[in-house]
Each structure stands twice: as structure tokens, then as C-alpha cells.
Amino acid sequence: AKGIVHHPRYWPPVALDTISFGQGISVTGIQLVTGLSAIANGGLLMRPYVVERITNEKGEAVQSFQPKVVRRVTSEETAKKVTALLKATTERGGTGEGAVPMGYEVAGKTGTAQKVDPLLGGYSEDRYTSGFMGFAPSDDPTLVLLVVIDEPQRFTHGGVVAAPVFKTIMEKVLPYLNVFPKGTMIVKNGTDALPTREASATGTFTEGVKVRKVSEKLVMPDLTGLSMRNALSRIEGKGLIIKFSGNGKVVEQIPKAGAVVEKGDICYLKFRSSS
């Protein structure tokens, strides 16, 4: 699909107003991701591709494909300015703050679009396409992601229904790509170590990471009420990516006790002092 983008010479007088907030124009998901990728790449428009290589029956590569620059669409300075604006969207009070995984910085944009009513004409009052797109880490982009929710129920804003999905996906994919949260400590070869402590803008955040490349399912233990040291000792060596905040005893854990998890999954622990 090509989307719908009419040449400006054919715009009616009202088009400049309506197009500025997303009506009278349409783009595909590939176009959105390609456009945002140009910002992430410092203003360079890249040609999208899906296949990395084609192999013969012996597994030998007969054709390979590499990233290809189409052209420069903005200056690097402009791309940096837009990135700063997109990053502000995900900061505290922004419409996309729900898209940010703990320990990462995201540049992104929410989107909430009324769908066309095919029976009555014009735009529907109760049917929406809601989304969020962004890239992370914002200062050194590794991944661009677009999440679109078709006709969400009860809530319609992209920052409410799509941003949390973006966050959940990024929390899984970024560590898989060896891009870890700020303040993490990578422990390899089974060496035991306690997590590090790092101050953040919102207070003190403590975080540790255990990385193993073994695929194995296990049952999440009940850590509620345990001290930090006891809780960590219960899950130490299980290969989970551990994120926690606060101090004292465990008052909340995700996944819940009894849930089936795999090595490499993220475990959130919230501690609170009894005092």
C-alpha cells in the first residue's frame, strides 16, 4: 500500500489545518517506521528490507542484503532537535511516559486517530486506531518499534492503550539485543554478585542483572515479605533479569508467585520499609 498523500497543489483550503493533526492523510506502518528511522539515523532515509540473505541447500549464502541509504531527508542537527522533542513526549507529564521501560530513555510519539465511518461518512465518534511509535535508547538508537491497536475498547488514547505494550516489548527485546538498562551489572559464568546501586533523577534505584543463555522454564517463587538479601538469594542463579526499587521487604512482585517463567525473563521486585 502507498498510503494517501496528495500533492499540496491539490489541497483544498481546509487541508493545511486538517492534515496538521492527521486527517485527510494516511500512511502505512512501514512508512511510519521508515520515517521515524530516518530521525533515529540522524536524518538518513533507509530502504526497508526483510530478507537478510538467501541460502542454497548447503546453507551457503547466494545473495545477501545490507542496509542501504536512500538519501538524506534532514540535516543531522534537525534530526537531533526532533529527537529532543520526541524524548520530551516520553518524559514525566508527557503523553507517552507510559512507554518507557525502567532504565532506558525513549524518543517517541503517541497517535490517536478516528476511523472513517463507512455508513454515515466522515469520522466515527467511537472507533479509533491508537498507537505509539518510538526508538530506544534515544541517545544511541538500536530499535524502532511501532505498536498499533485497532479499535481499542473503553480507552482510546495511544498513550494509554499502546504505550504500555511498547514498553513491555522493549523490555524483552532490548536485553535480547544486548542493550541493557542503565545501572545494570552483567554477571557471567555463574559468578555470584550483589546488584549495584545507582542514583537516578527520581531518587535511588537499585538494579541487577543475571544473564544466562540456557532455555529452561521454572516456577516463580513467592518472595513477598522477604528482605532484599533473602529475596535475591531465592532467585539467584535462575537466569532471570532482576529489576527492583526501594528497600526493606518485598511488597510486590511481577510475575506473581506460581507463574511459569523462562530464563531471560524480567522479574520486578518492589521493596518497602516497614517504618
Side-chain angles (χ1 to χ4, degrees), residues 87 90-94 96-106 108 134 136-140 142-143 145 163-275:
K87 185 178 175 183
T90 65
E91 293 174 345
R92 184 177 298 275
E97 63 175 325
V100 183
M102 189 174 295
Y104 295 98
E105 292 183 341
V106 174
S138 58
D139 58 345
D140 186 17
T142 297
L143 182 68
L145 173 64
V165 180
F166 177 97
K167 173 183 177 181
T168 300
I169 295 174
M170 281 294 196
E171 285 176 337
K172 290 282 189 178
V173 178
L174 288 174
Y176 177 80
L177 297 175
N178 293 319
V179 180
F180 297 100
K182 290 184 176 180
T184 59
M185 179 176 60
I186 311 304
V187 185
K188 298 182 179 180
N189 302 323
T191 302
D192 293 332
L194 289 177
T196 56
R197 184 177 295 270
E198 177 173 317
S200 67
T202 57
T204 301
F205 173 70
T206 309
E207 183 179 83
V209 175
K210 185 80 172 180
V211 179
R212 298 277 183 87
K213 290 186 177 181
V214 180
S215 178
E216 181 181 331
K217 293 184 179 180
L218 52 115
V219 177
M220 188 69 190
D222 187 0
L223 305 176
T224 306
L226 296 181
S227 66
M228 182 178 293
R229 182 172 294 275
N230 289 338
L232 291 178
S233 65
R234 285 285 303 276
I235 53 180
E236 183 72 22
K238 296 186 182 295
L240 298 173
I241 297 178
I242 307 164
K243 296 184 178 182
F244 52 94
S245 60
N247 51 63
K249 294 185 177 182
V250 178
V251 294
E252 183 179 354
Q253 68 176 71
I254 301 174
K256 299 293 186 182
V260 177
V261 296
E262 295 183 3
K263 289 191 174 183
D265 283 351
I266 299 175
C267 172
Y268 297 90
L269 299 179
K270 183 176 181 179
F271 293 85
R272 184 178 299 160
S273 174
S274 58
S275 60

Give every donor-acceptor pair under 3.5 Å between a side-chain atom in residues 163-176 and any protein atom, sequence neighbours left out.
residue: Thr168; atom: OG1; partner: Pro164; partner atom: O; Å: 3.0
residue: Glu171; atom: OE1; partner: Tyr268; partner atom: OH; Å: 2.4
residue: Glu171; atom: OE2; partner: Tyr268; partner atom: OH; Å: 2.3
residue: Lys172; atom: NZ; partner: Asp265; partner atom: OD1; Å: 2.7

Quiz item: Closest approach of Lys243 and Tyr104, non-hydrogen atoms and distance?
Solution: NZ-CE1, 4.3 Å
Quiz item: Distance from Met102 atom CE to Ile266 atom CD1, nearest 0.5 Å?
Solution: 10.5 Å
Self-check item: For Glu97, side chain to side chain contact (heavy atoms under 4.5 Å, CB included) partners two or more places apart
Solution: Arg92
Exercise. Would you name the heavy atoms of Cys267 and Pro255 that are closest together and state the gap between them?
Key: CA-CD, 4.2 Å
Exercise. Kindly indicate whether the side chain of Met220, heavy atoms from C-beta on, has any atom under 4.5 Å from the side chain of Leu240.
Key: yes
Practice problem: Look up atom CG in Leu232 and atom CG in Leu226, then write down how far apart they are to the nearest 0.5 Å. | Solution: 10.0 Å
Self-check item: Pairwise side-chain contact, Val179 with Leu143, heavy-atom cut-off 4.5 Å (strictly under)
Solution: no
Quiz prompt | Separation between NZ of Lys270 and CD1 of Ile254, rounded to the nearest 0.5 Å | solution = 9.5 Å
Quiz prompt | 4.5 Å side-chain heavy-atom contact, Lys249 and Val251 | solution = no
Quiz item: Partners of Glu91 by side-chain hydrogen bond (donor to acceptor under 3.5 Å, both in side chains), sequence neighbours excluded?
Solution: none
Quiz prompt | Over all atoms of both residues, closest heavy-atom pair of Lys87 and Ser138 | solution = CD-OG, 3.9 Å
Quiz item: Do Val106 and Pro101 have side chains that get closer than 4.5 Å, going by heavy atoms?
Solution: yes
Quiz prompt | Heavy-atom closest contact (Gly108 atom, Thr90 atom, distance) | solution = N-CG2, 3.9 Å
Quiz item: What's the spacing between Asn247 CG and Arg272 CZ if we round to 0.5 Å?
Solution: 11.5 Å
Practice problem: Find the distance between CD (Glu105) and CG (Asp139) and round it off to the nearest 0.5 Å. | Solution: 6.0 Å
